[in-house]
Amino acid sequence: MLTEYKVLDETAAVHIPAHLEWEEAAAYPCAGVTTWNALTGGSPLLAGDTVLTMGTGGVSLFAVQFGKLFGATVIATTSTPEKAAVLKKLGADEVINYMDQPDWHLRVKEITKGRGADHIVEVGGAGTLERSFKSLSLNGQINLVGWLAKENPLLDINNFAATVGSMRRIAAGHRRHHIEMNRAVEAGKSRPVIDRVFDFSHIKDAYNYYAAGNYLGKVIVTLPYHLP
Ligand SMILES: NC(=O)c1ccc[n+]([C@@H]2O[C@H](COP(=O)([O-])OP(=O)(O)OC[C@H]3O[C@@H](n4cnc5c(N)ncnc54)[C@H](OP(=O)(O)O)[C@@H]3O)[C@@H](O)[C@H]2O)c1
């Protein structure tokens with residue numbers, strides 16, 4: 001809601017974690033809630049499970065952070081060594097550069113000693129799904145969140161039939177997910193990755209910056225004042 005004032009029903013708002021600044025709390029509603037829904041809304045993530053994340057978009061960065069909050073092993077894919085370093089710093093246990101290693105599913109299997117990933121936060125879609133099928137553990141879950149990788153749209157569904165896993169389409173999440181997520185974020189003193197904060201008076205610059213795509217973390221627009 002790009003506005004200074006908005007009247008909402010009280011059920012449309014949640015309390016924010018006490019340790020967060022307003023700009024930090026604003027990073028969670030879409031990408032954070034979606035990720036929380038992916039990891040808890042279906043087959044719930046357990047300590048010791050392996051989470052596979054893709055890239056360094058908002059959903060994937062939260063998937064790394066939440067995976068570690070839950071005590072999971074996190075394997076992340078990315079495109080550059082610089083981004084790999086950011087993912088490592090954020091807590092990823094293993095990072096695979098998919099430019100160097102296009103058959104990254106083989107590396108996932110190697111890292112997990114053949115078991116595969118229990119939860120895959122799928123943001124690639126058509127271009128990554130076949131490798132996700134091949135990365136999945138027995139009874140693992142693919143959480144279908146996004147469609148960033150549009151190449152190779154003709155999937156061989158036999159590769160899904162060869163798994164004993166499930167696939168769940170995620171459409172953001174509901175208020176309960178947001179409240180649960182905020183509780184976990186507060187308990188874990190977790191903070192989002194913020195690339196840059198723009199003042200409300202520079203909204204167009206913020207949109208142009210975001211559209212250029214050279215960000216890592218959230219791009220935030222802040223208001224000149226806050227309600228108490
Ligand atoms: N279903 C829902 O509820 C929901 C909610 C939020 C978002 N989404 C969707 O989820 C997806 C991710 O959104 P986001 O905002 O988190 O991410 P984003 O900021 O759009 O992600 C960009 C990053 O994804 C990686 N990437 C881009 N193209 C890729 C490709 N072909 N293969 C693998 N990785 C690629 C790149 O990271 P690296 O260079 O590090 O690889 C890139 O920096 C989008 O499709 C979005 O529409 C869905």
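Atoms within each ligand, like the ligands themselves, are counted from 1 in listed order.
Side-chain heavy atoms closer than 4.5 Å link hydrophobic residues (I, L, V, M, F, W, Y) into clusters, and following such links, even through other members, never connects Ile220 to Met181.
Geometrically, Arg196 engages Tyr209 in a cation-pi contact defined by less than 6.0 Å to the ring centre and at most 45° from the axis.
The backbone N or O of Ala18 sits less than 3.5 Å from a side-chain atom of Glu186, completing a donor-acceptor pair.
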Report each N/O pair between ligand 1 and the protein that falls under 3.5 Å, naming both atoms.
residue: ligand 1; atom: 1 (N); partner: Val145; partner atom: O; Å: 3.0
residue: ligand 1; atom: 1 (N); partner: Ile170; partner atom: O; Å: 2.8
residue: ligand 1; atom: 3 (O); partner: Thr34; partner atom: OG1; Å: 3.4
residue: ligand 1; atom: 3 (O); partner: Ala172; partner atom: N; Å: 2.4
residue: ligand 1; atom: 16 (O); partner: Gly58; partner atom: N; Å: 3.0
residue: ligand 1; atom: 16 (O); partner: Val59; partner atom: N; Å: 2.7
residue: ligand 1; atom: 19 (O); partner: Tyr215; partner atom: OH; Å: 3.0
residue: ligand 1; atom: 34 (N); partner: Tyr98; partner atom: OH; Å: 3.4
residue: ligand 1; atom: 37 (O); partner: Thr56; partner atom: N; Å: 3.2
residue: ligand 1; atom: 37 (O); partner: Thr56; partner atom: OG1; Å: 3.4
residue: ligand 1; atom: 39 (O); partner: Ser79; partner atom: OG; Å: 2.5
residue: ligand 1; atom: 39 (O); partner: Lys83; partner atom: NZ; Å: 2.7
residue: ligand 1; atom: 40 (O); partner: Thr56; partner atom: N; Å: 3.1
residue: ligand 1; atom: 40 (O); partner: Thr56; partner atom: OG1; Å: 2.7
residue: ligand 1; atom: 40 (O); partner: Thr78; partner atom: OG1; Å: 2.5
residue: ligand 1; atom: 41 (O); partner: Tyr98; partner atom: OH; Å: 2.6
residue: ligand 1; atom: 43 (O); partner: Lys83; partner atom: NZ; Å: 3.4
residue: ligand 1; atom: 45 (O); partner: Trp147; partner atom: N; Å: 3.1

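Annotation: ring pair (Phe, Tyr, Trp, His ring centres under 6.0 Å) contacts of Phe200 (sequence neighbours excluded): none.
Taking 4.0 Å as the cut-off between side-chain N and carboxylate O, Lys68 and Asp93 count as a salt-bridged pair.
No option in Val51, Val95, Ile120, Val108 other than Val108 meets the side-chain contact (heavy atoms from CB on, under 4.5 Å) test with Ile75.
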